[in-house]
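First comes the structure, then the notes that go with it.
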Amino acid sequence: MNEPNTKPTLLLVDDEARITRSLKMLFRNEFNVLTTDNGHDAIEIARTQPVAVVISDQRMPIMAGVDVLRGIREVSPNTMRLLLTGYADLAAVIGSVNEGEIFRFLQKPWDTEQIRADVRAAADVAELSFAAAARRNHEMVVDEAPQPVSRPGILLLDQDPMAYELVKRATPQGNPLYWARHLDEAMELLSAHAIGVLVADVLDGQASHVGAIKALKRSHPQLVTIVLTQLRDYELLVELINQGQVFRFHPKPGHIGTFTKNMQSALDYHKVLQTQPEVRQRHAVAKSDKPLLAGLSDRVMGYFRRFGVSN
C-alpha cells in the first residue's frame with residue numbers, strides 16, 4: 001500500500017478541533033495524518049486515496065460516525081475502521097458492528113498507550129489487506145470447473161426454543177444446523193463438525209458466555225459470531241466488540257428478515273476468512289483484562305487449552 005519510506009495515512013473525523021489536534025499530535029510521527037470535520041468529505045478522501053486507518057467520532061452534526069464508517073467500508077473495504085465516542089451510546093455500539101464492521105470501539109477519554117497500540121495494530125492489518133488485494137488484482141484467473149464445497153455448519157448456543165426456531169428459519173438449505181443448550185455440548189459439536197457460524201446468547205439463564213465467545217475467536221479465527229441478546233449493558237457489548245470481534249448483534253427475539261440477512265452475511269464472510277487467511281488479521285482481538293476461562297468447566301477449559309488459549 002505504501003511506497004518505501006512513506007508513512008501510512010491516518011484519517012481523523014471529528015467536529016471538535018481540539019480532539020483532532022490532540023490525536024494529530026499523538027500520531028504525526030508515525031502517520032500521514034489527515035483531518036476533517038465532515039463525514040461526506042471523509043468518505044471522498046477514502047475513495048480517492050489509500051487510507052490505512054480511520055478514526056471517526058460518533059456524535060457529529062452532519063453525519064454520525066457509524067454512517068461515516070459504513071460509507072468508508074463501501075468505498076475502501078481494506079481501510080481499518082475505529083469508532084470514537086465519549087457517551088454510553090448503545091445504538092452506536094450496535095451500529096458500529098452491524099453497519100461499520102469496526103476493528104475497535106474507542107472511548108473518551110482515551111488511554112494514550114492503548115489507542116497507540118490499537119492504531120498501530122490496525123495499520124499493520126491494513127497494509128496486509130491492501131497488499132493482498134493488489135496481488136489478487138494482478139493474478140491470472142484461470143477458468144476451472146467448480147469444485148464441490150462442503151457447506152459450513154451453524155451452531156446455536158442457547159436454551160431458548162424460540163431462538164432455535166429463529167435460527168432454523170434463517171438457515172439456508174444445505175447448511176447443517178446444530179443446537180447446543182449448554183457450553184459443554186457446544187464444545188463437543190465444535191470438535192466434531194466444521195462450524196462456520198456461531199449464534200449465541202450472551203447470558204443464558206445463569207451462565208455467561210462472554211468469556212467463551214472471546215476465547216473462541218482466539219481459538220477459531222475463521223468462526224463468525226452473531227450474538228442474540230436482550231442486553232442493554234453498554235460496557236459488556238463494547239467488550240465483545242474489542243475482545244470478541246463479534247460480527248453482528250441481533251436483538252432477541254428480533255425480526256426474521258433482518259436475521260436472515262445477518263445469517264447470509266455471516267456465511268459469506270466465513271467463506272472469505274477461509275479463502276483469504278490474511279483477512280483474519282482484521283479480526284484480531286484486543287487483550288482481555290479479565291480471565292477468559294473463569295467459571296468454565298474443566299472440560300471446556302481443556303478444549304481451549306488444546307488451542308493454546310489460556311487466562
Within the structure provided, determine whether [X] and [Y] are in side-chain contact (heavy-atom separation under 4.5 Å).
X: Ile102; Y: Ile241; value: yes
X: Lys108; Y: Thr85; value: no
X: Val199; Y: Leu155; value: no
X: Lys7; Y: Val33; value: no
X: Pro172; Y: Ile154; value: yes
X: Leu216; Y: Met187; value: yes
X: Leu106; Y: Ile115; value: yes

Worked verdict on Arg70 versus Asp67 for salt bridge (charged side-chain N to carboxylate O under 4.0 Å, His left out): CA-CA 5 Å; Arg70 181 179 62 228; Asp67 298 321; 2.9 Å; yes
Given the rule in the side chain to side chain contact (heavy atoms under 4.5 Å, CB included) test, do Leu166 and Leu228 qualify, once you have shown the distances and angles that lead to the verdict? CA-CA 10 Å; Leu166 175 72; Leu228 287 175; 4.0 Å; yes
With distance as the sole test, does [X] use its side chain to make a donor-acceptor pair with the main-chain N or O of [Y] at under 3.5 Å?
X: Gln264; Y: Thr260; result: no
X: Asn175; Y: Pro152; result: yes
X: Gln276; Y: Val272; result: no
X: Trp179; Y: Gln159; result: no
X: Asn98; Y: Phe249; result: yes
X: Ser76; Y: Ile72; result: no
X: Gln107; Y: Leu84; result: no
X: His209; Y: Asp201; result: yes

Please test Glu101 against Arg248 for salt bridge (charged side-chain N to carboxylate O under 4.0 Å, His left out), starting from the C-alpha separation and ending with a verdict. CA-CA 8 Å; Glu101 294 183 0; Arg248 291 286 188 273; 3.1 Å; yes
Check against side chain to side chain contact (heavy atoms under 4.5 Å, CB included), Leu236 and Val202: CA-CA 9 Å; Leu236 186 56; Val202 178; 3.9 Å; yes
Does CZ belonging to Arg116 count more than 12 external heavy atoms closer than 6.0 Å?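 Correct, the count exceeds 12.
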Within a 6.0 Å radius of atom CG on Asp298, are there more than 12 heavy atoms belonging to other residues, nucleotides or ligands?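 No, the 6.0 Å shell around CG holds no more than 12 heavy atoms from other groups.
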Looking only at heavy atoms, which two atoms of Met263 and Val197 are closest? And how far apart?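 Nearest pair, atom of Met263 first, then Val197: SD-CG1, 4.2 Å.
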Which atoms form the tightest heavy-atom contact between Thr171 and Val167, and what is the distance?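 For Thr171 and Val167, the tightest heavy-atom pair comes out as OG1-O, 2.7 Å.
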Sequence neighbours excluded - ring pair (Phe, Tyr, Trp, His ring centres under 6.0 Å) pairs with any residue from residues 9-39: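 Only Phe27-Phe31 qualify under ring pair (Phe, Tyr, Trp, His ring centres under 6.0 Å).
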Residue pairs fulfilling side chain to side chain donor-acceptor pair (under 3.5 Å) with at least one residue in residues 215-228, sequence neighbours excluded: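 Checked against side chain to side chain donor-acceptor pair (under 3.5 Å) - neighbours excluded - the pairs reaching residues 215-228 are His220-Tyr303.
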Would Met63 and Met60 count as a side chain to side chain contact (heavy atoms under 4.5 Å, CB included) here? Give the steps. CA-CA 6 Å; Met63 182 184 291; Met60 297 185 292; 5.6 Å; no
To the nearest 0.5 angstrom, please state how far the CD atom of Glu185 sits from the CZ atom of Arg299.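 One gets 10.5 Å once the value is rounded to the nearest 0.5 Å.
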